[in-house]
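See structure below.
Please read these numbers as outputs of a predicted model, since none were measured by experiment.
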Amino acid sequence: MFSSLLDVARNSPFRGPLTPTSCQAAPPALLEENSQSGMAAAVAVQGDSCEFGSGKYYALCGVGGILSCGLTHTVVVPLDLVKCRLQVDPNKYKNVLNGFKVSVREEGLRGLAKGWAPTFIGYSLQGLFKFGLYEVFKVQYSSMLDEETAYVYRTFVYLAASASAEFFADIALSPMEAAKVRIQTMPGFATTLREAWPKMVQNEGYGTFYKGLVPLWGRQIPYTMMKFASFEKTVELLYKHVVPKPRDQCSKAEQLVVTFAAGYIAGVFCAIVSHPADTVVSKLNQDRTATIGSIVGKLGMAGVWKGLGPRIVMIGTLTALQWFIYDAVKVTLRMPRPPPAEMPESMRKRLEAESAAKSE
């Protein structure tokens, strides 16, 4: 399935109006201009399928986001289902193992797949905007700064770019997230997306699909900021202190292993940062009369952290797989993959001169 989707992506959906620039190696003058940002020194290397920063490049990043988020979230639907039920009905579902046991007893093994359709659709759309727009905003924000400033404050660039991308990604995700939670946590409401969607529209109108948008932003924006900034920084540190050779001397397989490790580390931090808001989102989509304040007041501090264990396992694994798939898509489609941020030569020489002057 994965390779067939990559073939589809490779064979054309993003030709034409979304590709304003040629996917050939850029002329030297343009490459010099595009290297303004030390963080994303973009050079179109011979053999790349497109030019860094072109419309096709960003569109293929979106394809990588669709695959990385849509597939991974769908795979862990059973764990997500139990996690949501732990959050909304802790009296019935005591812990993860008990949650699986009760769910299988009441609905059978097939019941663990409830909500897979809105999960796949919603998180595919989210991944399209999350990864595609992150690349756009990262380049745009860094281009607003001079080379040295972009390097020194690169973490702030990652944070700003990821927050901006997630803002739009959650607007795409919210309707499907609302339907998914209803299917998973309200017995007898609906078992499929085709059944849940018209019921929600008929009973509550289209506004119900965005009732949880604000807490969704509260959950996903900090999560994504942590996901991208910690991943970028972890990759940088792994190549600097752990991997015994420079990135450009590592094989593609070795680079993907580093990507997976950095993704898992980032995922653990993501789960912790975003978990309280995740609990609120689940409760809001289960109870149409609830508000953020009433939920927090009822659950208390201990209650909003219910289900953190399975969420760490789920999000850690998800984040690692997402970055692995995303990077694998770039490798498979022969997309430019700029190395981790390096200190600009001008800055290095200036610091060396200052150091030498002080030592004299």
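Within a 6.0 Å radius of NZ in Lys199, more than 12 heavy atoms belonging to other residues, nucleotides or ligands are found. More than 12 non-hydrogen atoms from other residues, nucleotides or ligands lie less than 6.0 angstrom from OH of Tyr210. In this structure, Tyr153 places its OH atom where only 12 or fewer heavy-atom neighbours from other residues, nucleotides or ligands lie under 6.0 Å away. By the 6.0 Å contact criterion, CZ on Phe129 is open, its count of non-hydrogen atoms from other residues, nucleotides or ligands being 12 or less. The local environment of CD in Gln249 is crowded, with over 12 non-hydrogen atoms from other residues, nucleotides or ligands closer than 6.0 Å.
Side-chain contact between Leu159 and Tyr141 is absent, with no heavy atoms from C-beta onward closer than 4.5 Å. Side-chain contact check for Cys84 versus Lys180: some heavy-atom pair is nearer than 4.5 Å.
Lys94 is linked by a salt bridge (Lys or Arg N to Asp or Glu O under 4.0 Å) to nothing, counting only residues two or more places apart in sequence or in another chain.
Hydrophobic cluster membership differs between Tyr93 and Val313, with clusters built from Ile, Leu, Val, Met, Phe, Trp and Tyr side chains linked at under 4.5 angstrom.
Taking the six-membered ring for Trp, Phe137 and Tyr58 have ring centres at least 6.0 Å apart. Two rings, from Trp323 and Phe228, have their centers less than 6.0 Å apart.
Remark: Lys138 NZ to Ser164 OG distance equals 13.5 Å, nearest 0.5 Å.
The only member of Leu238, Leu237, Val243 that meets side-chain contact (heavy atoms from CB on, under 4.5 Å) when paired with His241 is Leu237. With respect to Glu177, the side-chain hydrogen bond (donor to acceptor under 3.5 Å, both in side chains) criterion is satisfied by exactly one of Gln220, Arg219, Gln126: Arg219.
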Name the atoms and distances for all side-chain donor-acceptor pairs under 3.5 Å in residues 110-118, with sequence neighbours left out.
unit_1: Lys114; atom_1: NZ; unit_2: Glu107; atom_2: OE1; d: 3.0
unit_1: Lys114; atom_1: NZ; unit_2: Ile183; atom_2: O; d: 3.3

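The closest donor-acceptor contact from the side chain of Gln184 to the backbone of Arg85 lies at 3.5 Å or more, if one exists at all. In terms of modelled atom types and a separation under 3.5 Å, the side chain of Ser174 and the main chain of Asp170 share no donor-acceptor contact. At distances below 3.5 Å, at least one donor-acceptor pair connects side-chain atoms of Thr72 with backbone N or O atoms of Ser68.
Side chains of Tyr134 and Thr224: no donor on one and acceptor on the other come within 3.5 Å. Glu342 and Tyr151 share no side-chain donor-acceptor pair at under 3.5 Å.
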